[in-house]
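These notes concern the structure reproduced below.
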There are 2 protein chains.
Amino acid sequence: MNKRADNLNTHSIAFLAKCLADENRLRILLCVSKEKKSVSRIVEELGLSQPLISHHLKELKRALLVKVERSGPFVYHEMTDQRILIILAGLDELGAALLSDRITF
Amino acid sequence: MNKRADNLNTHSIAFLAKCLADENRLRILLCVSKEKKSVSRIVEELGLSQPLISHHLKELKRALLVKVERSGPFVYHEMTDQRILIILAGLDELGAALLSDRITF
DNA sequence: TTAACATATAAACGTCTATATATATAATTA
DNA sequence: TAATTATATATATAGACGTTTATATGTTAA
């Protein structure tokens, strides 16, 4: 642990960040963060088109951020690792902090 | 703290993630994470063109990830918040974990 | 002011990406 | 088998993004 700045894998970080850099993809990811859900359920809950959800799920899967499980005609997706949530919460907090600190410039 | 998944600001998160989603930008950010550096020094250390560095610094500044300070003809840039490093380390670790867990599928 | 240096900006280009529309595959049920 | 539901894929398009080249702005020193 305790890696130094010059020892980080920028390639890997950029790859993950890219996958987290779309708002719809984030909403989908958060949507399946607590329990696995079928594609159609995600479509319902988020109000996005089915092909769009399917496309983004493919990206999330490619980045290993969600795992897939088929059951009959349904395909269930679920967030692979809860540490993702910690990172997202960290980004959320950072964003707020940067904005509030900005006022004191 | 301890925000729940449905209480996160996806807009803000996506905005920050987008800024972290480019490898050159990450290298620049890490380059100025320990001390403030002039543009020309960053150019030297990273071996990228000056307009390219300048462009990415502008993006980093827009996202409030770096702060700027002018001294004579030099413009110094420095990472605004050390928490950024924690997040990057988290992404780095997550990337490695996702890859190693993948083998056990 | 002129020269030299540091940095920023602008335009142009190719590439990537998000999205929509349309269609196809796959599984279930009647 | 046909019909229905669930999901994936294919194609097209518009916009965003990273990079390069060329040029401009700004600062210092002679």
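Throughout, a chain's letter reflects where its sequence line sits, starting with A, and its residues are numbered from 1.
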On the nucleotide [N], are OP1 or OP2 found under 4.0 Å from the side-chain N or O atoms that [X] carries?
X: B:Ser54; N: C:dT7; value: no
X: A:Asn24; N: C:dT19; value: yes
X: A:His56; N: C:dT19; value: yes
X: B:Arg25; N: D:dG18; value: yes
X: A:Ser40; N: D:dT7; value: yes

Which whole-number value in Å describes the distance from [X] [atom1] to [N] [atom2]?
X: B:Glu23; N: C:dC16; atom1: CD; atom2: C1'; value: 16 Å
X: A:Leu48; N: C:dA20; atom1: CG; atom2: C1'; value: 13 Å
X: A:Ile28; N: D:dT7; atom1: CD1; atom2: P; value: 13 Å
X: B:Lys58; N: D:dT19; atom1: NZ; atom2: C1'; value: 15 Å
X: B:His77; N: C:dA8; atom1: NE2; atom2: C1'; value: 10 Å
X: A:Glu44; N: D:dT5; atom1: CD; atom2: P; value: 14 Å
X: B:His55; N: C:dA6; atom1: NE2; atom2: P; value: 22 Å
X: A:Phe15; N: C:dT17; atom1: CZ; atom2: C1'; value: 14 Å

Task: B:Glu93 bridged to A:Arg83 by N-O distance under 4.0 Å - done: yes
TODO: Taking only Lys NZ, Arg NE, NH1 and NH2, and the carboxylate oxygens of Asp or Glu, determine whether B:Glu45 and B:Lys37 approach each other closer than 4.0 Å.
DONE: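 Salt bridge present between B:Glu45 and B:Lys37.
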Can you tell me which nucleotide in [options] comes closest to the side chain of [X]?
X: B:Asp22; options: D:dT19, C:dT7, C:dA20; answer: D:dT19
X: A:Phe74; options: D:dA6, D:dG18, D:dT27; answer: D:dA6
X: B:Pro51; options: D:dT9, D:dT21, C:dT7; answer: D:dT21
X: A:Val39; options: C:dA6, D:dT7, C:dT7; answer: D:dT7

Task: Validation row: B:Val66, B:Leu29 side chains within 4.5 angstrom (heavy atoms) - done: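 Yes, at least one pair of side-chain atoms sits under 4.5 Å.
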Open item on the list: Using side-chain heavy atoms (C-beta onward) and a distance below 4.5 Å, is A:Leu57 in contact with A:Ile42?
Closed with: yes
TODO: With heavy atoms under 4.0 Å as the rule, sort A:Lys18 into base, sugar-phosphate or nothing.
DONE: sugar-phosphate
Open item on the list: What's B:Arg70 touching, base or sugar-phosphate or nothing? Going by heavy atoms closer than 4.0 Å.
Closed with: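 Sugar-phosphate, backbone atoms only, no base.
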Task: N/O donor-acceptor pair under 3.5 Å between B:Lys36 side chain and B:Glu69 backbone - done: no
Task: Residue whose nearest DNA chain C nucleotide is more 5′ - A:Gly72 or A:Gln50 - done: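 The residue mapped nearer the 5' terminus is A:Gln50.
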